[in-house]
*Asks:* 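Take a look at the following structure, please.
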Amino acid sequence: MNANDWQKEQERLDQITLKLRTRIAELEPEVDQLRDQAADIRKRFWEEVTVNTSTHEDFEETFFTIKQQAAVLSERESTHRQLLRQWKSMNRLLPSPYFGRIDFQEDGLDFSEQVYIGVSSFAEEDGMSFLVYDWRTPIASLYYDYSPGEVAFETPGGHVAGTMELKRQYQIRDGQIQNLFDSSITIGDELLQQVLGKGADNQMKSIVATIQKEQNAIIRNDTSRMLIVQGVAGSGKTSAALQRVAYLLYKHREQIKADQIVLFSPNPMFSSYVSTVLPELGEENMQQTTFQEYLEYWLGSTLRLEDPFDQLEYVLTEGEGSEPGYEARLNGIGYKSSEAYLQALQNYAQWLSQEGMSFNPIRFRDRDLITAEQMKSQFYSYDASIRLANRVVLLQEWLLRELTILERQEREESWVEEELNYLDNDQYAEAYQALRKEDGVFAFAEEYVDAYNELHNKHLQEDDSFDFAQQEEALLRRMIVKEHFKSLRRGVKRLLFIDMVGLYDQLFSDDVTYREMTNGAEVPEYWSGICKQTKEKLSRLELFYEDATPYLYLKELIEGVRRNTEVRHIFVDEGQDYSMFQYEFLKKLFPRARMTVLGDFSQAIFTQATNLEEDDSPLTRLYGEEETSRFLLVRSYRSTREIVEFTKSLLPYGQMIVPFERRGRKPVLSMSDNSKKRAERMAADLATLQAEGYTSIGVITKTAAESSEVYNTLTALGCQELRHITKATFTFDKGTLIIPAYLAKGVEFDAVLIYDGSSQTYHRESERKLFYTACTRAMHRLHLYTTGEWTPFIQGLDLSLYEVEQY
């Protein structure tokens with residue numbers, strides 16, 4: 001770049017910066033004034049309204065006065081929000097107003113337009129001449145998708161074609177140009193080199209300045225019902241997904257709000273890690289949850305659920321055959337996550353529509369008011385063509401009617417008279433006040449309660465009113481029984497009369513009965529062991545993680561599906577760790593939502609993993625081939641070339657992974673005689689890395705138990721500011737983190753230390769992907785340690801891929 005061009009660019013930047021400062025200064029008093037006005041109106045709202053309902057005209061006048069005041073308040077608050085949004089947008093632009101520029105000449109025109117691109121738009125005061133274009137505008141897509149030459153893009157008004165004459169990139173800091181590049185094919189490696197060369201942060205950052213062409217296709221896809229993004233470790237798939245959310249909120253700002261988008265995160269800590277990306281782009285955060293939190297919400301009040309990390313701990317810590325039932329548990333995890341089991345449950349629900357329903361009796365004072373057999377008889381008396389869930393509703397209505405009859409009968413029982421004797425005047429008053437508020441079938445009319453109060457007062461003065469005493473007792477009996485029956489009615493309304501535990505338990509009988517109930521479904525291997533384990537768990541009102549989704553699915557087949565029609569987009573991160581059963585469930589739960597699934601099958605550490613790589617992935621069947629778009633990201637940006645060359649060699653098919661050209665030190669393999677020497681070496685390496693300026697270091701173990709052991713060992717050796725990460729950790733911070741591999745998914749560190757890379761710890765083929773996942777968390781430095789033979793995943797690697805240290 002010659003000096004003259006650089007000077008012209010800096011002069012333009014100075015002009016933009018000045019205009020931004022001027023507009024910010026002009027907006028600040030307006031924003032403050034509107035905020036104060038809205039606060040004042042809220043404070044004095046009722047002072048400006050005279051409430052008079054004496055006549056129809058007075059009531060109407062009061063109504064319109066209130067409506068007018070509410071409209072004024074709404075207008076002030078709306079204007080304040082709009083100006084505040086503009087003010088925040090300009091403040092975000094001020095340190096770095098833009099990061100890119102294209103010169104575009106549309107076909108048929110004899111002039112070209114200079115289009116400067118930033119994180120949001122900024123226009124002249126007339127609102128027509130854009131000084132900076134938001135990166136999400138249609139014309140900005142040219143910057144990400146094309147090199148100079150013939151280009152085209154789509155707008156709401158149609159197809160636009162032309163010529164890109166220039167593509168330029170900027171690094172601007174505090175109003176000064178730091179770097180300037182003219183680029184051709186990609187968003188230049190020079191800029192990416194500098195961005196990726198920085199240290200890891202405790203929160204993910206926006207990547208809008210370095211979005212690559214393949215990522216841009218994911219971000220701007222607005223037609224597919226299902227997007228499947230298979231991306232290698234460090235390919236930017238999660239970052240692209242978050243920019244996609246920002247794009248959707250920008251393009252469809254009149255139709256979609258942030259709370260209509262849901263991100264399913266792999267763990268609570270990851271939610272904290274990505275929480276700043278959207279606010280950084282001027283958008284509100286979407287809803288974030290984990291699948292486990294959703295299951296807990298619906299089932300946690302009645303059953304204790306195993307979480308996925310406890311399931312994984314079991315799989316990782318119990319060797320083949322070392323615990324009775326281990327193979328049965330593994331087999332059960334696979335089967336209960338399968339589409340075959342999903343179909344079996346659907347068949348089971350059909351069978352239940354003919355026979356086999358199980359109910360809980362409605363008990364009161366140690367006796368059955370309505371027996372399970374009575375419910376079953378009533379349930380199967382309905383027309384067999386009525387859907388299962390609809391018959392449950394009919395049974396519920398019948399039970400409420402029966403309770404009404406039984407309640408009347410109960411008033412004559414002796415226990416009611418006993419309670420009557422212990423009522424005092426305060427309890428009378430409190431009870432009757434509650435009755436006046438009820439709107440159910442036992443509510444009394446106002447005039448009836450008033451009449452009672454009048455009679456009661458008279459009775460206090462004239463004890464000899466025998467007739468009134470009878471009326472009073474009848475009313476009090478009615479009140480006492482009604483209060484006791486409230487919980488019974490509440491239970492019926494919550495469908496607690498359905499024996500869901502029994503219905504799920506009923507599935508796990510012998511194989512002949514299972515086939516009969518599921519229309520001939522094939523039972524998996526180790527079925528007797530699976531049945532025993534499941535029944536034992538259910539007997540304690542507990543559920544394995546692999547049972548939670550099927551249990552909730554069956555519950556909804558019987559009781560009716562809970563659908564959320566407000567949510568428009570679902571994002572599933574680490575999507576390879578979800579089963580097809582869970583995907584089918586999400587589809588039913590959010591019937592109007594589009595789904596974006598992000599994952600890497602090379603990091604599939606759970607037994608129930610779904611393959612995202614293959615063209616015929618089962619996910620493509622969820623919405624159909626025509627409604628599905630698949631994206632493959634093979635370039636890894638997170639790690640140095642040396643680390644990527646090492647980690648991709650850990651996979652049998654790793655040659656497809658393309659490293660980004662950022663150089664660094666080769667991974668270091670350290671072998672020692674015993675665990676004490678290993679710990680001392682790790683402590684020394686931690687001190688060295690910290691001295692070199694690395695502020696985010698991950699000490700990664702295989703299991704939670706191992707991470708606890710390492711934390712205690714390194715603390716005893718004097719290592720400072722260590723943080724032990726568990727499944728209950730909700731925030732991701734800088735520092736030295738001791739963390740199990742499965743909780744490190746999705747995050748990154750400047751340096752990673754693999755505590756134990758031995759064959760004793762990582763020897764099963766099923767653990768290869770977990771080991772790969774742990775190693776790929778490193779951006780700049782990777783150290784591995786062992787006290788014995790290296791894992792077989794390393795033993796066959798080319799010696800040129802790493803350095804060896806022995807001590």
Side-chain angles (χ1 to χ4, degrees), residues 301-302 357-379 381-382 391-502 559:
S301 62
T302 55
M357 277 294 290
S358 180
F359 299 100
N360 295 314
I362 296 179
R363 294 183 59 78
F364 182 69
R365 301 183 68 84
D366 298 324
R367 70 182 192 275
D368 289 349
L369 285 181
I370 306 175
T371 68
E373 282 303 316
Q374 285 176 297
M375 293 186 212
K376 190 172 183 179
S377 175
Q378 183 66 27
F379 182 82
S381 72
Y382 300 128
R391 275 191 270 176
V392 167
V393 173
L394 291 174
L395 181 62
Q396 180 188 50
E397 293 171 350
W398 177 79
L399 287 171
L400 290 172
R401 291 194 300 270
E402 287 296 301
L403 284 177
T404 301
I405 297 169
L406 291 166
E407 184 179 329
R408 293 197 193 101
Q409 297 171 359
E410 196 70 20
R411 295 172 196 160
E412 304 306 317
E413 295 293 327
S414 59
W415 69 267
V416 182
E417 185 171 355
E418 292 175 14
E419 289 206 9
L420 271 173
N421 296 330
Y422 293 98
L423 292 178
D424 57 31
N425 288 337
D426 290 339
Q427 288 173 307
Y428 285 8
E430 182 181 348
Y432 283 112
Q433 186 63 30
L435 285 173
R436 294 178 68 175
K437 292 180 180 178
E438 285 288 343
D439 60 356
V441 294
F442 295 103
F444 296 107
E446 286 287 330
E447 60 269 21
Y448 185 80
V449 176
D450 291 338
Y452 169 79
N453 289 335
E454 183 180 343
L455 285 170
H456 182 65
N457 292 333
K458 182 179 179 182
H459 175 57
L460 293 177
Q461 299 171 3
E462 301 176 11
D463 281 339
D464 58 351
S465 179
F466 178 79
D467 289 341
F468 179 81
Q470 285 184 321
Q471 293 177 41
E472 181 182 53
E473 181 177 330
L475 186 58
L476 288 174
R477 282 178 177 272
R478 184 175 186 176
M479 177 269 292
I480 290 169
V481 176
K482 174 183 184 296
E483 187 65 26
H484 279 278
F485 267 54
K486 272 185 179 179
S487 61
L488 301 182
R489 292 181 164 279
R490 193 180 304 119
V492 170
K493 290 175 181 177
R494 292 172 56 196
L495 304 180
L496 298 184
F497 59 88
I498 298 174
D499 181 14
M500 275 307 308
V501 172
E559 298 178 0

*Asks:* Under the salt bridge (charged side-chain N to carboxylate O under 4.0 Å, His left out) rule, collect the residues that match up with E417, sequence neighbours excluded.
*Replies:* R477

*Asks:* Side chains of L406 and I370: closer than 4.5 Å at any heavy-atom pair?
*Replies:* yes

*Asks:* Of all residues at least two apart in sequence or in a different chain, which pass the side chain to side chain donor-acceptor pair (under 3.5 Å) check with R365?
*Replies:* none

*Asks:* Which residues satisfy the side chain to side chain contact (heavy atoms under 4.5 Å, CB included) test with E559, sequence neighbours excluded?
*Replies:* L495, I498, M500, K555, R562

*Asks:* Identify, with sequence neighbours excluded, every residue that meets side chain to side chain contact (heavy atoms under 4.5 Å, CB included) alongside E412.
*Replies:* none

*Asks:* Could you list the residues that satisfy side chain to side chain contact (heavy atoms under 4.5 Å, CB included) with D368, not counting sequence neighbours?
*Replies:* P361, R363, T371

*Asks:* Do W415 and V481 have side chains that get closer than 4.5 Å, going by heavy atoms?
*Replies:* yes

*Asks:* Applying ring-ring contact (aromatic ring centres under 6.0 Å, His included), can you list everything that pairs with F497, at least two apart in sequence or on another chain?
*Replies:* none

*Asks:* Test: salt bridge (charged side-chain N to carboxylate O under 4.0 Å, His left out). Region: residues 395-406. Which pairs qualify, not counting sequence neighbours?
*Replies:* none

*Asks:* In chain order, what residues pass the side chain to side chain contact (heavy atoms under 4.5 Å, CB included) check against R490, with sequence neighbours excluded?
*Replies:* K486, S487, R494

*Asks:* With a 4.5 Å heavy-atom cut-off, do R489 and E407 have their side chains touching?
*Replies:* yes

*Asks:* Pairs in or reaching into residues 391-411: which pass ring pair (Phe, Tyr, Trp, His ring centres under 6.0 Å), with residues at least two apart or in two chains?
*Replies:* none

*Asks:* Going by distance alone, is a donor N or O of one side chain under 3.5 Å from an acceptor N or O of the other, for E410 and H484?
*Replies:* no

